[in-house]
Structure formats: structure tokens, C-alpha cells
Undergrad: 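My structure is below; once you've seen it, I'll send some questions.
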Amino acid sequence: MADLELRQEGEVVWATMNRPGRLNALSRSLVTELREFFVGLYWRRDVRVVVLGGAGEAFCAGLDLKERGDPQASGSVGAGLTRQREISEIVIAMRRCPQPIVACVNGAAAGGGFALALASDVRIATPSARMNAAFIRIGLSACDIGVSYFLPRMVGSSVAAEHMLTGRFIDAERAYQLGLVSRIVEKDRLAAEAQGFVDDMLRATPLGLRLTKEALNHAIDAQGLEAAIAMEDRNQILASQDGDFQEGVRAFLEKRPPNYAKRKG
């Protein structure tokens with residue numbers, strides 16, 4: 001059985017980290033499967049939205065330290081850096097892929113699991129959700145796998161420092177107050193809540209959805225308003241010239257679901 005269970009329903013992939021006995025901790029095989037899946041998404045036009053979750057009672061408890069073994073026996077610095085990049089490449093691919101990612105955070109999202117949640121586009125949590133930069137509690141820096149990039153941009157530098165310097169947990173209610181999660185729902189409602197976001201995203205044209213994620217990514221680091229608007233202007237013209245634009249307008253005016261063309265490009 002794969003450590004990452006992938007179920008495609010139409011243009012949506014439900015990706016479930018499937019190591020419930022280990023709280024979905026990041027084993028070598030799960031790291032490989034996550035990386036290959038998200039890297040591969042860049043080229044896929046048959047997938048428009050991804051929903052990422054964890055089996056059992058946790059989202060992801062971070063690196064599987066029991067599998068890792070003795071860190072002193074890890075070999076050279078170069079080999080260690082390669083293994084580190086094998087993990088960090090996952091969140092780079094998550095931001096680079098054009099598909100929006102909805103994270104369903106139930107229970108622990110610690111360390112690498114926290115990074116996976118932050119690298120997603122939308123986060124939904126259950127009341128049991130607990131997130132933290134666990135790295136600093138095991139002798140490492142809290143700045144790992146993109147957390148030092150994502151967290152201060154989402155909650156500000158002061159709150160980010162509070163949690164990264166201490167490793168303190170952010171519970172579901174605090175995460176909602178900070179804007180880290182969009183909704184808090186009971187576990188049995190998690191999939192339905194995610195489906196609601198998916199349905200709304202699929203009302204956008206395929207190109208419009210991709211360009212929106214792309215522009216949001218660039219706008220976060222844009223040099224200023226004019227740079228952000230230049231990207232927006234470019235994307236609006238591209239989207240308006242796409243064949244699906246007229247169908248999107250007709251569907252809106254006729255108050256019906258859009259029927260977008262299936263294109264390979």
C-alpha cells in the first residue's frame with residue numbers, strides 16, 4: 001500500500017498521507033511520493049484542484065525520527081544537504097504547480113506537516129488541529145522547509161517569531177484568529193467543506209484558475225503595486241482570449257454551471 005493515497009475524481013485529486021499508525025510522519029517513501037506527485041502536477045492539465053489530508057487522527061506529525069535513526073550516522077554534509085532538498089523540494093513544487101491545494105488539517109501538523117499545510121493555498125481545520133514549527137524542539141533551527149518564508153507573510157513577523165523561537169503550538173481557534181485557516185469544522189464535515197471549496201474553484205475557467213494562483217504567488221514578492229498590476233493586466237488579457245471565457249460569461253448570466261472545453265494545452 002502506498003504511503004500517499006491518490007484518488008482522482010474528475011478534475012480533482014484527493015491526496016491522503018496514509019501512515020495513520022505513525023501519525024502520517026514523513027518516511028523516506030512518503031517524502032518521495034509527495035515530491036513526485038507535486039512535481040508532476042506542473043505538467044498535468046487533467047487535474048485542476050488538489051485536496052491534501054492525512055489518514056486517521058493527524059495531518060502529518062513531521063519527519064519520522066524513528067526511521068531516520070542516528071543523525072551522526074547520516075554521512076557527509078553533501079549527502080545530508082541532498083536529503084534535505086528532497087524534502088524541501090515538496091513545498092517548492094506545491095507553490096509552483098498551477099493547481100490550488102486545499103489542506104484538510106486534522107490533529108497534528110508539526111514540523112514538516114506544518115510546512116505542508118502552510119504551502120497549501122487554503123487550509124481547513126478541525127477543532128483538534130495543532131500546528132507548530134517542531135524543528136526547534138529537536139535541536140534544529142525552526143527555519144525549515146519554507147516555514148520561515150510562509151509564516152511571517154501570513155501572520156506577521158512578531159507572531160511568527162513567537163512560535164518559531166519557542167516551538168509553541170497554534171491551536172485551531174488561534175489559527176483561525178490569525179487567518180492561517182479559513183474554516184474550523186468537525187472531522188466528519190472536513191471532506192464536505194473541502195468539496196465546497198473545490199466546487200467553487202471549478203466554476204473558474206481552467207486558465208483563469210491557474211493564472212490566479214500564479215499571480216498570487218508573484219504578488220507576495222512583487223517589488224510594488226505597479227509590478228503586481230502588470231502581472232494582473234497580462235493575465236486578464238490572456239484569460240479573455242481563452243476559448244472558455246465566453247462560456248464562463250454565458251454560464252454566469254444563465255445561472256448554470258459552466259461547461260468548459262477539455263483541452264490538452
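Source: prediction; values computed, not measured. Along the sequence shown, residues carry numbers from 1.
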Undergrad: Would you indicate whether the side-chain heavy atoms of E33 and L6 approach each other to under 4.5 Å?
TA: no
Undergrad: Can you see which heavy atom on F135 is nearest to which on A142, and at what distance?
TA: CD1-O, 3.4 Å
Undergrad: Between S128 and N106, which heavy-atom pair has the shortest distance, and what is it?
TA: OG-OD1, 3.1 Å
Undergrad: Checking side chain to side chain contact (heavy atoms under 4.5 Å, CB included) between M94 and each of L52, D121, L118, L41, which is the one that passes?
TA: L52
Undergrad: Measure the CD-CG distance between E86 and L34 for me, rounded to the nearest 0.5 Å.
TA: 13.0 Å
Undergrad: For residues L30 and A25, report the shortest heavy-atom separation together with the two atoms involved.
TA: CD2-O, 3.5 Å
Undergrad: Roughly how far, to the nearest 0.5 Å, is CZ of F252 from CZ of R203?
TA: 12.0 Å
Undergrad: Got a donor-acceptor contact below 3.5 angstrom from the Q8 side chain to the D46 backbone?
TA: yes
Undergrad: If you group Ile, Leu, Val, Met, Phe, Trp and Tyr by side-chain heavy-atom gaps below 4.5 Å, do Y42 and L238 land in one group?
TA: no
Undergrad: Could you tell me whether a side-chain N or O of N132 sits under 3.5 Å from a main-chain N or O of H163, the two making a donor and an acceptor?
TA: no
Undergrad: Is there side-chain contact between V51 and C104, with heavy atoms separated by less than 4.5 Å?
TA: yes
Undergrad: Got a donor-acceptor contact below 3.5 angstrom from the R44 side chain to the G40 backbone?
TA: no
Undergrad: Could you tell me if the side chain of K213 sits less than 4.5 Å from the side chain of C97, heavy atoms only?
TA: yes
Undergrad: Cluster question for you: counting only ILVMFWY and a side-chain heavy-atom cut-off of under 4.5 Å, with indirect links fine, are F38 and V105 together?
TA: yes
Undergrad: Test E232 against I229 for side-chain contact (heavy atoms from CB on, under 4.5 Å), laying out the working first.
TA: CA-CA 5 Å; E232 292 176 348; I229 287 180; 3.9 Å; yes
Undergrad: What's the spacing between R48 CZ and R210 CZ if we round to 0.5 Å?
TA: 9.5 Å
Undergrad: Where the side chain of R19 meets the backbone of L26, is there a donor-acceptor pair that is under 3.5 Å apart?
TA: no
Undergrad: Has Q223 got more than 12 heavy atoms of other residues, nucleotides or ligands less than 6.0 Å from its CD?
TA: no
Undergrad: For the residue pair L211 and R234, establish whether any side-chain heavy-atom pair is separated by less than 4.5 Å.
TA: yes
Undergrad: Testing the basics here: between T126 and K187, what is the closest heavy-atom pair and its distance to 0.1 Å?
TA: CG2-CA, 3.8 Å
Undergrad: Taking the side chain as everything from C-beta on, heavy atoms only, tell me whether L209 gets closer than 4.5 Å to V49.
TA: yes
Undergrad: Could you grab the distance from atom CD of Q246 to atom OG1 of T205, nearest 0.5 Å is fine?
TA: 11.5 Å
Undergrad: In terms of hydrophobic clusters joined by side-chain contacts under 4.5 Å, are L178 and M154 together?
TA: yes
Undergrad: Check step by step if side-chain contact (heavy atoms from CB on, under 4.5 Å) holds for V13 and Q99.
TA: CA-CA 10 Å; V13 169; Q99 297 87 352; over 6 Å; no
Undergrad: Are L151 and F114 close enough that some pair of their side-chain heavy atoms sits under 4.5 Å apart?
TA: yes
Undergrad: Is there a path of hydrophobic side-chain contacts, each under 4.5 Å between heavy atoms, that joins I136 and V147?
TA: no
Undergrad: Within the 3.5 Å criterion, strictly below it, is a donor on R85 or T82 matched to an acceptor on the partner's side chain?
TA: no
Undergrad: Just do the side-chain contact (heavy atoms from CB on, under 4.5 Å) check on S141 and M164 with the steps written out, would you?
TA: CA-CA 9 Å; S141 165; M164 295 183 70; over 6 Å; no
Undergrad: State, without any angle test, whether D3 and S27 hold a side-chain donor-acceptor pair at a distance under 3.5 Å.
TA: yes
Undergrad: Is the shortest heavy-atom distance from the side chain of F197 to the side chain of S182 under 4.5 Å?
TA: yes
Undergrad: Hey, what do you get for OH (Y176) to CZ (R123), rounding to the nearest 0.5 Å?
TA: 14.0 Å
Undergrad: Could you check whether atom CD of E57 has more than 12 heavy atoms from other residues, nucleotides or ligands sitting under 6.0 Å from it?
TA: no
Undergrad: Could you walk me through whether R174 and R168 satisfy the side-chain contact (heavy atoms from CB on, under 4.5 Å) test, starting with their C-alpha distance in whole Å, then the side-chain angles of each, then the deciding distance to 0.1 Å, before giving a yes or no?
TA: CA-CA 12 Å; R174 176 68 166 153; R168 289 180 178 176; over 6 Å; no
Undergrad: Ion pair present between D64 and K66, side-chain N to carboxylate O less than 4.0 angstrom?
TA: no
Undergrad: Closest approach of L202 and Y260, non-hydrogen atoms and distance?
TA: O-CE1, 3.8 Å
Undergrad: Between E247 and R250, does the salt bridge (charged side-chain N to carboxylate O under 4.0 Å, His left out) criterion hold? Intermediate values first, please.
TA: CA-CA 5 Å; E247 168 59 14; R250 284 192 297 268; 3.4 Å; yes
Undergrad: Within this structure, what is the CG-CG distance for the pair L140 and L63, rounded to the nearest 0.5 Å?
TA: 9.0 Å
Undergrad: Closest heavy-atom contact between L180 and M131?
TA: CD1-CE, 4.4 Å
Undergrad: I'd like to check R83 versus I87 (side-chain heavy atoms, cut-off strictly below 4.5 Å). Are they in contact?
TA: no
Undergrad: Do V185 and V181 share a hydrophobic cluster, counting only Ile, Leu, Val, Met, Phe, Trp and Tyr and linking them when any side-chain heavy atoms are less than 4.5 Å apart?
TA: no
Undergrad: Might you confirm whether atom CD of E226 has over 12 heavy atoms from other residues, nucleotides or ligands at distances under 6.0 Å?
TA: no
